[in-house]
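Below: one structure, written as structure tokens.
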Amino acid sequence: MDDAERRADFTAYVRAREQALARLAYLLTGDRDHADDLLQNALAKVYRNWDRVRAVELPDAYVRRIMVNENNSRWRRMLRRRESPGSHVIEVLDPPTPAGLDASESLDLWRHVQGLPTQQRAAIVLRYYEDLSEAQTADVLGCSVGTVKSHTSRAISALRSRMSEATA
Amino acid sequence: MSHFDPELKSALDRQSEGVRVVTDLAERAIARDRSNRRRELGAAVLGAGLVLAVAVPVAVGSLNRDPATTIPAGPTQSQSTTGRTTEAPPSRTASTAPTPTSIPTIRATGAPGAASLRPASGPVTGTTAVGYLVDGTYHQGTTTIRLPEELRTTDYVARLGDGVLVSGPDGHTVVGADGRKRAVIASSQQRPRVGDDGAHVLAGDADGNLVYADSSGKPIASLKPRSTSDAGYSPAGLVGTTAYAARPGTGRSIAWDVETGTVRSLEGELSLVNAPSGLGLSFVGGDAGGDGSKSCQMLVDLATGREIWRLCGPLQMLGFSDDGQYLLANGHVDGFRDWTFGSLVVVRAADGVVVLQAGGPEMGADEIVDARLGADQQLTVQVWNGTRRNLQRCGLDGTCEVVGASRPLPNPDVPDGPGPYVVADN
């Protein structure tokens, strides 16, 4: 595959998956600037390794793993702490009114999700938003299924507790 | 699946629905990859230059001092806070510096270049007095503490009392000398700050509160954010019983006397404080997308509020040396157009001069990913070379010896991620 083909192939993949990847980046970070940065960094790494990614792995699984790991990287968090990209790659509009759930309750729940420790939040997003199994989540997080269970149960417990405190 | 699960799924779905890609993402990703490659190439050229620079003893490094810049020191305002606090009279910043002050602004330009750190290779030949974590065990001198299994992959450790404070899945967790969990101080991603006495800690929690706790993890005092919409506090550190924290996004910080509850409002967002020297560092302005020339940090005397200097350049300050005589900074900052400095830069606090820098010819080659500068003026650094890292002790003259054996990266998918060593924060 020459450079032009490689570029075209990568571009086709990104165009097909960009909305889903942008949403994942936003849920993992809870912040547009950080999501912008995370998305571009992750996809830059994917592009560099595109020949391998498309040949031997499911691109989505690889990209998810890169995004989660980048987001967990303390070094990366330090580096981007004071950044604000010049022009954004994503925009975040006010969410629509939900069906069956009070809007303020939904917003509260989202705020509490953002307050979770990074690994717990990642586990919650992968399990409840991406609908990954515990084994798939463990693969992305690079941990055991037991650890995924632990992250998830602690996160759910914390969210329940914070939501009941808020409504008490 | 409990009744809570659909609610959680719905909340996540709802938040994600408003997210849209608004530009050519593939093009931006390709451009970033190109930019990363350019940086690596640029760093290679810089690295070659640094090798030549080492041969010449350079006392004054890569800084140009501007003519003194007059920056008026305006009065600060006291603020009311919720919680157990009283409103303070105007801060010492205002009372002791009411008139315009001549403050040097220093430009970090990268030329002519400071002394260069020269990592060693080979087997372990020395030791370090600084604590560090490896393979889930904390080491400091003859002390070893085996962490509980769920905390062994932590990326933060600090000595606290006879045990350690580590970040874990539940939050900042106190582990005793026996390796058992004692308490969780706060659930937050913010970096906690252990006081100079090693017996107290300042942490921000997920609800925006600032928490002051003892070495057992027992909260002694807490400070609530000013309102529910407030971003809360970002801990900068402790000087005695005064806790310093930034109020993110406000351009201000607080000095909170944890014994009396008095809160003073200070100018600037403090990111670091150092107890022995009584110095603090505030971030003054950003320069995203630029060359870093407008990214400035301000060094202040915490007792008087006097600005000592402003340093502008492509550097991000990471911490003080233990005695406060130096600052450690990172020169590989994402968001700046070019990287002028290496991955570790040592700046002298007295005059803002760069005295040492480190960083290999490219990302991943002799890159410094973790550093502490002790009061003995010995650096303990984690050196990244290719797919492995080791721990080294280095002098400010740039000479190093290996104190921790070379080990593979714990997670090759995150080449710039933490580990296998974690250098203690205090």
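Residue numbers start from 1 in every chain, and the chains themselves are labelled A, B, ... in the order their sequence lines are given, proteins ahead of strands. For clarity, every value in this text was computed on a predicted model and none was experimentally measured.
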Do you know the tightest heavy-atom contact between B/Leu8 and A/Ile124?
-> CD2-CG2, 3.9 Å

When rounded to the nearest 0.5 angstrom, what distance separates CZ in A/Arg48 from CZ in B/Arg32?
-> 12.5 Å

So CZ of A/Phe10 and CG of B/Asp33: to nearest 0.5 Å the spacing works out to 8.5 Å

Looking at CG of A/Asp94 and CD of B/Glu17, how far apart are the two atoms once the value is rounded to the nearest 0.5 Å?
-> 12.5 Å

How far apart are the C-alpha atoms of B/Leu25 and A/Arg15, what are their side-chain angles, what is the distance that settles it, and do they pass the side chain to side chain contact (heavy atoms under 4.5 Å, CB included) test?
-> CA-CA 8 Å; B/Leu25 180 57; A/Arg15 289 195 176 144; over 6 Å; no

Which of A/Leu27, A/Val113, A/Val46, A/Leu39 touches chain B most, by non-hydrogen pairs under 4.5 Å = A/Leu27

B/Glu27 and A/Arg7 ion-paired at < 4.0 Å | yes

Closest heavy-atom contact between A/Gln19 and B/Val21?
-> OE1-N, 3.1 Å

Check: A/Glu18 and B/Asp24 side chains under 4.5 Å, non-hydrogen atoms = no

Checking heavy atoms, do the side chain of A/Glu91, its backbone, both or neither come under 4.5 Å from chain B?
-> both

Report the distance from atom CD of A/Gln119 to atom CD of B/Glu150, rounding to the nearest 0.5 Å.
-> 13.5 Å

Should the pair A/Asp36-B/Arg28 be classified as a salt bridge under the 4.0 Å nitrogen-to-oxygen rule?
-> no

Does A/Glu105 reach the side chain of B/Glu7, with side-chain heavy atoms less than 4.5 Å apart?
-> yes

Under-4.0 Å salt bridge between A/Arg23 and B/Asp13 = no

Closest heavy-atom contact between A/Ile90 and B/Val19?
-> CD1-CG1, 4.1 Å

What's the shortest heavy-atom distance between B/Gly171 and A/Pro117, and which atoms?
-> N-CG, 4.5 Å

Can you name the closest pair of heavy atoms from B/Arg14 and A/Leu107 and give their distance?
-> NH1-N, 4.1 Å

Value rounded to 0.5 Å, distance of NZ in B/Lys9 from CG in A/Leu109 | 13.0 Å

Any chance you could measure A/Arg127, atom CZ, to B/Leu12, atom CG, to the nearest 0.5 Å?
-> 12.5 Å

What is the minimum heavy-atom distance between A/Tyr129 and B/Ser16, and which atoms define it?
-> CE1-OG, 3.3 Å

